[in-house]
Every structure is written in C-alpha cells, then in structure tokens.
Amino acid sequence: MKMNKIAIITGATSGIGQATAEKAAEAGFDLIITGRRGDRLQALADKIRQTGREVLPLQFDIRHPQEVEAAVQSLSGKWREISVLVNNAGLAVGVAPIQEGILDDWERMIDTNMKGLLYMTRAVAPLMIARNAGHIVNLASIAGKEVYPGGNVYCATKHAVDALSKAMRIDMLKHHIKVTNIAPGMVETEFSIVRYKGDKTAADKVYQGLEPLTNEDIAETIIFAITRPPHVCLNDIVIMPTAQASSRDVDRK
Ligand code: NDP
Ligand code: 8X3
C-alpha cells in the first residue's frame with residue numbers, strides 16, 4: 001500500500017470510529033479525526049501521534065452544514081488530499097413505537113445519520129474528484145437491510161444510507177471513487193447507552209447472553225476494504241456476530 005494516504009473519519013471519539021482511526025494509523029494512514037467531544041479527540045490525537053503518524057483533530061457537530069463546510073474549508077496543503085472518507089458518525093435514540101415517537105429523537109437521528117453524512121460527502125467528494133481518486137465508506141447497519149420493533153426512524157435513516165451508498169457509487173463511477181457500504185449487526189460500543197439515553201442496565205441487556213462484535217472487528221473490516229488494490233471495490237459488507245442471524249434472530253445462552 002502507498003504510505004502517507006490521508007483518511008478522514010467522522011465520529012472518531014468512540015466505538016467504531018475510534019478503533020478505525022487507530023487501525024488506519026497502524027496501516028500507515030495520516031488522519032483527520034472528527035467529533036463533538038474535544039477532550040476525546042485530543043486524547044486520540046496524542047495516542048495516534050505516538051505511532052509516528054500525523055493527525056488533525058477537527059471538533060464540530062455534523063448536524064450543522066456551516067460547521068461541516070467550515071471544517072473542510074479549513075484544511076490546507078496536504079490535508080486536502082483526502083484518499084478515504086469514513087462516514088461513521090451516527091446514533092440511534094429511543095425505541096418508542098412510531099405513534100409514541102419523540103420528535104427530538106427523530107430529528108437527532110435524521111440530522112446526524114442522513115443529513116450529516118450528506119453534508120460531509122458534499123464537502124469532501126469534490127476534493128476527491130479533483131484528484132480523480134478516493135474511497136467513501138458509509139456506516140449503514142443491519143437496520144438498513146431490515147426493520148424491527150421500535151427501530152422505525154433509526155431503520156429509516158440506515159435504509160437511506162444504504163440507498164445513498166448505491167447512488168453515490170453511480171455518481172462517483174466516472175471519477176474513480178470507490179463506495180463501500182458497511183452493515184454491521186450488534187457491535188458493543190456506546191451505541192446502546194446513547195440509544196437508551198444513559199440507562200446502562202437497558203444497554204447491557206442488548207448484549208446479554210451472546211458475544212457481540214467489537215469496534216475492532218468492524219475497524220479491521222474497514223481497513224481491509226480501504227487497502228484493496230485500485231481495481232477492487234467491496235460494495236456492500238454485512239457483518240454479524242455469529243450468534244445473530246437477523247435483527248431479531250439471536251442465539252442467547
Ligand atoms: P458510538 O456511540 O460509540 O459512537 C458514535 C460516534 O458518532 C461518536 O464518536 C460520536 O461523537 C459521533 N457523533 C454522534 N453524533 C454526532 C454529531 N452530531 N456530530 C459529530 N459526531 C457525532 O457508536 P458506534 O461506534 O457503535 O457507531 C458508529 C456508527 O456505526 C453509527 O453510524 C452507527 O449507527 C453504526 N452502527 C453501529 C452498530 C452497533 O451495534 N454499535 C451496528 C451497526 C451500525 P461525539 O459524541 O463526540 O460527537
Ligand atoms: C445498530 C444495529 O440492530 O441495533 O445499527 O439496529 S441494530
């Protein structure tokens with residue numbers, strides 16, 4: 001692999017994004033890491049610098065197009081030569097049935113998972129097009145392939161990501177930009193704590209009696225995808241714990 005490629009990873013302050021940043025550094029990428037929690041971004045930046053890789057932390061809320069645009073516009077010199085965009089930032093909030101849904105929860109999910117991903121792609125794709133190369137990795141979910149009780153709006157946002165991955169691949173075709181859709185099942189991160197609004201007991205129950213995927217499992221998959229030769233694109237990867245066959249079919253001991 002050519003060294004000193006630059007990857008930008010959204011939602012690098014936790015879970016899948018954090019592990020992907022660390023593994024991408026190990027694989028020889030210099031990194032732009034993003035998220036809202038500045039203390040975590042700095043801690044991760046310090047850790048990555050110890051590996052000898054360069055890192056640029058950018059703190060912003062992906063839901064605000066002006067913040068996204070300003071962050072990408074602030075890039076100068078080599079940092080504009082982005083090879084890989086990992087659209088990872090995202091969340092589920094709540095498990096209410098549609099008739100009891102909380103509008104603020106819906107807006108947080110739609111604004112982060114769909115609109116944030118779009119704002120990032122709109123800002124970064126032109127930089128890739130200018131170089132006639134690049135790779136966009138979108139974190140969708142098994143929730144983008146199936147629906148399940150209480151998943152309504154989260155599933156809708158991830159179905160949208162799945163559709164956007166297909167659409168982007170067509171739009172990016174003549175620019176030699178790869179698009180990979182990653183659709184994991186259960187991964188134990190802060191995801192369920194966020195979904196259950198800090199209720200750790202409810203979050204722990206999600207993974208009770210089975211071995212879930214780890215953030216590192218997904219990170220390794222992403223690193224594999226972004227280090228294939230130029231003529232190879234992994235379009236769509238569904239990755240599940242062995243103990244999970246579908247959103248609802250889970251083998252719990
Ligand atoms: P975590 O909660 O551990 O991490 C989520 C990341 O998203 C954090 O770094 C958070 O950073 C960032 N983020 C959330 N909202 C915003 C925002 N408004 N602006 C900027 N960054 C934001 O969850 P995961 O690592 O599990 O989730 C990563 C992705 O993987 C998500 O898109 C999720 O939907 C998807 N996924 C997760 C699965 C799972 O079971 N865990 C399964 C399938 C898909 P900060 O709070 O600092 O802003
Ligand atoms: C996260 C996986 O099954 O909770 O996207 O929707 S699930």
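Just so you know, ligand 1 is whichever comes first in the structure, and atom 1 is the first atom listed for that ligand.
Contacts with ligand 1 closer than 4.0 Å are made by side-chain heavy atoms of K158 only, the backbone lying farther away. Residue-level proximity to ligand 1 for A92 is absent, since no heavy atom of it falls below 4.0 angstrom. Under 4.0 Å from ligand 1, the heavy atoms of T112 that appear belong solely to its side chain.
The number of heavy-atom neighbours closer than 6.0 Å to CZ of R122, taken from other residues, nucleotides and ligands shown, is 12 or below. Around OH of Y148, the count of heavy atoms belonging to other residues, nucleotides or ligands within 6.0 Å exceeds 12. Other residues, nucleotides and ligands contribute only 12 or fewer heavy atoms inside 6.0 Å of the CD atom of E211. Heavy atoms from other residues, nucleotides or ligands lying under 6.0 Å from NZ of K78 number more than 12.
No side-chain heavy atom of S14 sits under 4.5 Å from any side-chain heavy atom of N215. The shortest side-chain heavy-atom distance between Q42 and P57 falls under the 4.5 Å cut-off. In this structure, Y119 and I62 have side chains that are not in contact, with every pair of non-hydrogen atoms separated by 4.5 Å or more.
The protein heavy atom nearest to atom 12 (C) of ligand 1 is G11 CA, 3.6 Å. The closest protein non-hydrogen atom to atom 42 (C) of ligand 1 is G185 O, 3.1 Å. When only non-hydrogen protein atoms are considered, atom 13 (N) of ligand 1 lies nearest to A89 CB, 3.9 Å. When only non-hydrogen protein atoms are considered, atom 26 (O) of ligand 1 lies nearest to T189 OG1, 2.6 Å. Protein heavy atom closest to atom 40 (O) of ligand 1, with residue, atom name and distance, is V187 N, 2.9 Å. At the top of the distance list for atom 3 (O) of ligand 1, counting protein heavy atoms only, stands S14 OG, 2.5 Å. In terms of protein heavy-atom proximity, atom 19 (N) of ligand 1 is closest to I62 N, 2.9 Å. Protein heavy atom closest to atom 18 (N) of ligand 1, with residue, atom name and distance, is D61 OD1, 2.8 Å.
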Which protein N or O atoms sit under 3.5 Å from any N or O of ligand 2? Give each pair with its distance.
{"residue": "ligand 2", "atom": "4 (O)", "partner": "R195", "partner atom": "NH1", "Å": "3.4"}
{"residue": "ligand 2", "atom": "5 (O)", "partner": "S141", "partner atom": "OG", "Å": "2.5"}
{"residue": "ligand 2", "atom": "5 (O)", "partner": "Y154", "partner atom": "OH", "Å": "2.6"}
{"residue": "ligand 2", "atom": "6 (O)", "partner": "Y148", "partner atom": "OH", "Å": "2.5"}

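Nearest heavy-atom pair, L213 versus G185, reported as atom, atom and distance to 0.1 Å: CD1-N, 4.3 Å. Between T180 and C233, the shortest heavy-atom distance links the atoms OG1-SG, 4.2 Å. The two residues L85 and M128 come nearest to each other via the heavy atoms N-CE, 3.5 Å.
Taking a cut-off of under 4.0 Å to the non-hydrogen atoms of G90, the atoms of ligand 1 that pass are 5 (C), 7 (O), 31 (C), 32 (O). Within ligand 1, the atoms closer than 4.0 Å to a non-hydrogen atom of G15 are 3 (O), 25 (O), numbered from 1 in the order shown.
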In a table with atom names and distances, give each donor-acceptor pair under 3.5 Å that connects a side chain of residues 87-101 to protein atoms at least two apart or in another chain.
{"residue": "N87", "atom": "ND2", "partner": "T121", "partner atom": "OG1", "Å": "3.0"}
{"residue": "N87", "atom": "ND2", "partner": "N138", "partner atom": "OD1", "Å": "3.0"}
{"residue": "N88", "atom": "ND2", "partner": "T10", "partner atom": "O", "Å": "3.0"}
{"residue": "N88", "atom": "ND2", "partner": "G11", "partner atom": "O", "Å": "3.1"}

Identify every side-chain donor-acceptor pair in residues 239-247 under 3.5 Å, counting partners at least two apart or on other chains, and give the distances.
{"residue": "Q244", "atom": "OE1", "partner": "M186", "partner atom": "N", "Å": "2.9"}
{"residue": "Q244", "atom": "NE2", "partner": "S246", "partner atom": "O", "Å": "3.4"}
{"residue": "S246", "atom": "OG", "partner": "R248", "partner atom": "N", "Å": "3.3"}
{"residue": "S246", "atom": "OG", "partner": "D249", "partner atom": "N", "Å": "3.1"}
{"residue": "S246", "atom": "OG", "partner": "D249", "partner atom": "OD2", "Å": "2.6"}
{"residue": "S247", "atom": "OG", "partner": "E146", "partner atom": "OE1", "Å": "3.0"}

Tell me which donor-acceptor pairs under 3.5 Å the side chains of residues 18-28 have, and how far apart each pair is, sequence neighbours excluded?
{"residue": "T20", "atom": "OG1", "partner": "I16", "partner atom": "O", "Å": "2.6"}
{"residue": "E22", "atom": "OE1", "partner": "K47", "partner atom": "NZ", "Å": "3.4"}
{"residue": "E22", "atom": "OE2", "partner": "K47", "partner atom": "NZ", "Å": "3.2"}

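Residue contact annotation: S192 has no non-hydrogen atom under 4.0 Å from ligand 1.
Between A140, P184, S141, it is A140 that holds the heavy atom closest to atom 35 (C) of ligand 1. With distances taken over non-hydrogen atoms, the option nearest atom 9 (O) of ligand 1 out of T10, T13, I218, I16 is T13. For atom 31 (C) of ligand 1, the nearest non-hydrogen atom from the set N88, V161, L44 comes from N88. For atom 14 (C) of ligand 1, the choice among M120, R36, R63 with the nearest heavy atom turns out to be R36.
Considering both main-chain and side-chain atoms, Y154 comes within under 3.5 Å of ligand 1 through a nitrogen or oxygen pair.
Remark: D105 CG to R195 CZ distance equals 10.5 Å, nearest 0.5 Å.
Under 4.0 Å is where a charged nitrogen must lie from a carboxylate oxygen, and between K158 and D162 no such pair does.
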